[in-house]
Amino acid sequence: MSLNPKLIRKDFPIFQKNDNLIYFDSAATSQKPIQVIEAVADFYRKFNANVHRGVYRLSVEATEAYEGSRRKVAQFINAANSREVVFVRNTTEALNLVAHSIGINQMKKGGKIVLTMMEHHSNIVPWQLVSKIMNHRIEYIPFDGEGYLDLSVADKILRDADVFSFVHASNVLGTVNDVKLLCRMAHDHGALAVVDAAQSVPHMPVDVRDIGCDFLAFSGHKMLGPTGIGVLYGRYELLDGMEPFMGGGEMIKEVHLDRSVWNDVPWKFEAGTPNIAGAVGLGAAVDYLRGLGMENVRTHEHMLTAKALELLAELKHVKIYGPENPKHRCGLVAFNLGDIHPHDLATYLDNHGICVRAGHHCAMPIHTRLGLSASTRASFFVYNTVEELEIFQEVLKKAVKFFKLA
Ligand code: C6P
C-alpha cells in the first residue's frame, strides 16, 4: 500500500501551522504527530507518578504505561522478550552503555574493537574513551568511492576482534549496510556484533532476531517520538552478564554500606527516575509507524530518494555522495553544489522555506575520507512529497544563479 503523505501531514501540528514548510531534516530529528504529542500530554494530565516505586494506583498506572511501551518497542523490533529493551536517552547513550560495560568490564586490556569508516561520532568516540582507559586497539573497515564498505579486507581486520560495531544506515552516505552479513562476520570471528540503527529503525522494518545482532541502538526522536528517549536492545544473556553503566536508585535490589546487589535486566541499566513520558510518547510513535506499515514507509522513502537523486543529477554543478542505486540507500542524500559552502546553501534554502542540514553531520571521518569539510543533506520521511522535491530542485537552480556558479 502506498502512503499518502498529504493525509499524513494533517496529523502533524507543525505542518498545520505552516503547510508550505519543506522539512528535509528528519535524519537529525523527525517531526511529531498529534498522537505522540497527546500521549505525552495525557500522561502528565492523567497518570503522572514515578514508576516502580509507589504502591498507590496512580504509580501502578504510570508503571503499566512505561512497561507497556517497552513491550511495544520489543514487538516493533521483534525482540524475543521485552526485557531485552533498555530505555536510555538516545542512540549515543545506548552505544556509550555498551562500550563502557563491554569495553571496560568484560574485555581484557589491549583488546580489539573494529568499527567502520562510515560511523557517526556516537559509534567512534565512546570506543575511543574506553580504549584510552583499557589500551584497546581500534581498527576501521574502509568504504569505497561509491560509499560501500570494502568487505574484501574485513576478514583480515576482524581477526581477533572482541567487538565489531557498525552503522546500519549511514547518515551521510545513505548506504544501507547488509547488517545480517556483518553480524555473521563478527560472530565468525568470535566478536560481539553491535548495530547503530539510528537511521534504520525509523525508516524500514528491523528485526533483531533476523539480523542476529547482539546489541542494537536507536533514538525515539528520529522515529516520530519525543526527544530524550532511546533504546538499547541487547540479547538477554548478554545484558544479564553485564555490569551496569550508571549507579543509583531503581537499578539495585539491595544496597549495603560495603556492596550492592543489582536489579534484574533491564532495570539494572535504568538508574534514577527515567523519562517516563518520553517512553509513553515512544510507544505512541511505534503505534503510529506500525499503523502506516514499515514496508510502506520504506517504499515511500525509496521512491522519494530515487526522485531526489534524479532531480539533483539534472543539475550541472551537483556532486552527490553515496551509492547511485537508490535501493541500497536510506531516505537521505548528501551533496555539494559547486563550491557553494553548505552553510550558505542551507541558509539560502531556509530563506525559501526548506530545512536541510549542512556541515559534517557528526561524521567527520566520512567527510575526511571524501576530501570534504562539509556537505548539504536532505533527508526524508513519511510526510514528504514529490512536489516538495520539485520545489527543492527549482530553488537549487535559483541558487546556482544567485551564487554565480559558472
Ligand atoms: N544523527 C544527524 O543529523 P542521537 O543524537 O544520540 O539521537 O543519535 C546519534 C546518531 C548515531 N548514529 C547515527 C547513524 C546518527 O545519524 C545519529 C544522529 C543526526 O545525522 C544528529 S548528529
Side-chain angles (χ1 to χ4, degrees), residues 23-32 73 86-100 115-129 140-141 143 147 149 165-177 179 182 194-204 206 211 213 215-233 245 275 278-279 281-282 285 301 305 321-322 329-335 342-343 346 349 355-367 369-370 372 374-381:
Y23 187 74
F24 281 171
D25 199 20
S26 295
T29 199
S30 68
Q31 296 301 342
K32 319 300 173 199
V73 171
V86 180
F87 283 132
V88 290
R89 278 189 306 140
N90 46 37
T91 307
T92 304
E93 186 174 310
L95 291 170
N96 273 274
L97 193 166
V98 179
H100 192 277
L115 309 173
T116 83
M117 284 195 193
M118 61 169 79
E119 299 308 317
H120 183 277
H121 298 167
S122 294
N123 199 25
I124 298 176
V125 184
W127 300 107
Q128 289 175 340
L129 286 171
Y140 295 88
I141 296 179
F143 63 86
L149 286 177
S165 189
F166 45 86
V167 72
H168 191 171
S170 163
N171 68 321
V172 177
L173 301 164
T175 317
V176 178
N177 289 315
V179 280
L182 297 181
V194 185
V195 183
D196 171 354
Q199 300 292 355
S200 58
V201 166
H203 303 287
M204 59 192 76
V206 170
I211 289 172
C213 55
F215 298 98
L216 184 131
F218 56 99
S219 300
H221 71 95
K222 291 189 199 294
M223 52 188 287
L224 312 179
T227 51
I229 186 79
V231 171
L232 173 67
Y233 157 83
F245 175 44
N275 183 356
L282 177 58
E301 290 180 22
T305 309
Y321 309 106
R329 302 182 66 113
C330 61
L332 61 89
V333 184
F335 64 97
H343 285 154
L349 287 163
C355 309
V356 293
R357 186 163 175 194
H360 54 58
H361 319 305
C362 301
M364 283 181 79
I366 298 181
H367 285 82
R369 160 71 178 82
L370 296 172
L372 302 170
S375 60
T376 305
R377 184 189 68 191
S379 54
F380 318 118
F381 213 168

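Counting convention: from 1, in listed order, for ligands and their atoms alike.
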Can you say whether the rings of H367 and H360 are parallel (under 30°), tilted (30 to 60°) or perpendicular (over 60°)?
perpendicular
At a 4.0 Å cut-off, with the gap strictly under it, does some heavy atom of H221 reach an atom of ligand 1?
yes
So is there a nitrogen or oxygen of T92 less than 3.5 Å from a nitrogen or oxygen in ligand 1?
yes
So which protein heavy atom does atom 21 (C) of ligand 1 come closest to, and at what separation?
R357 NH1, 3.4 Å
I want to confirm something. Looking only at heavy atoms, which of G220, A198, S122 is nearest to atom 9 (C) of ligand 1?
S122
Among H168, Q199, H120, closest by heavy atom to atom 17 (C) of ligand 1 is H120
So with a 6.0 Å cut-off around CE of M117, is the heavy-atom count from everything else above 12?
yes
Identify the heavy atoms of H361 and S375 that sit nearest to each other, and give their distance.
NE2-OG, 3.0 Å
State the atoms of ligand 1, each with its element, that fall below the 4.0 Å cut-off from a heavy-atom position in C362.
22 (S)
Filtering K222, R377, H361 for the heavy atom nearest atom 1 (N) of ligand 1 leaves K222
For ligand 1, does R89 get within less than 4.0 Å through its side chain, its backbone, both, or neither, judged by non-hydrogen atoms?
neither
Residue pair S122 / L95: nearest heavy atoms and the distance that separates them:
O-CD1, 3.4 Å
What are the two closest heavy atoms between A28 and R357, and how far apart are they?
CB-CD, 4.5 Å
Show the atoms of ligand 1 that are less than 4.0 angstrom away from any heavy atom in V167.
14 (C)
Do S219 and T91 have side-chain N/O donor and acceptor atoms under 3.5 Å apart?
yes
Using modelled atom types only, decide if a donor and an acceptor are shared between the side chain of K32 and the backbone of S30 within a distance under 3.5 Å.
yes
Under 4.0 Å, counting heavy atoms only: does H121 come that close to any atom of ligand 1?
no
At a non-hydrogen distance cut-off of under 4.0 Å, which region of D196 contacts ligand 1 (side chain, backbone, both, or neither)?
side chain
Quick note on ligand 1: atoms under 4.0 Å from a heavy atom of S219 include exactly 4 (P), 6 (O), 7 (O), 8 (O)
Of all the heavy-atom pairs spanning A94 and L232, show the shortest one and how long it is.
CB-CB, 3.8 Å
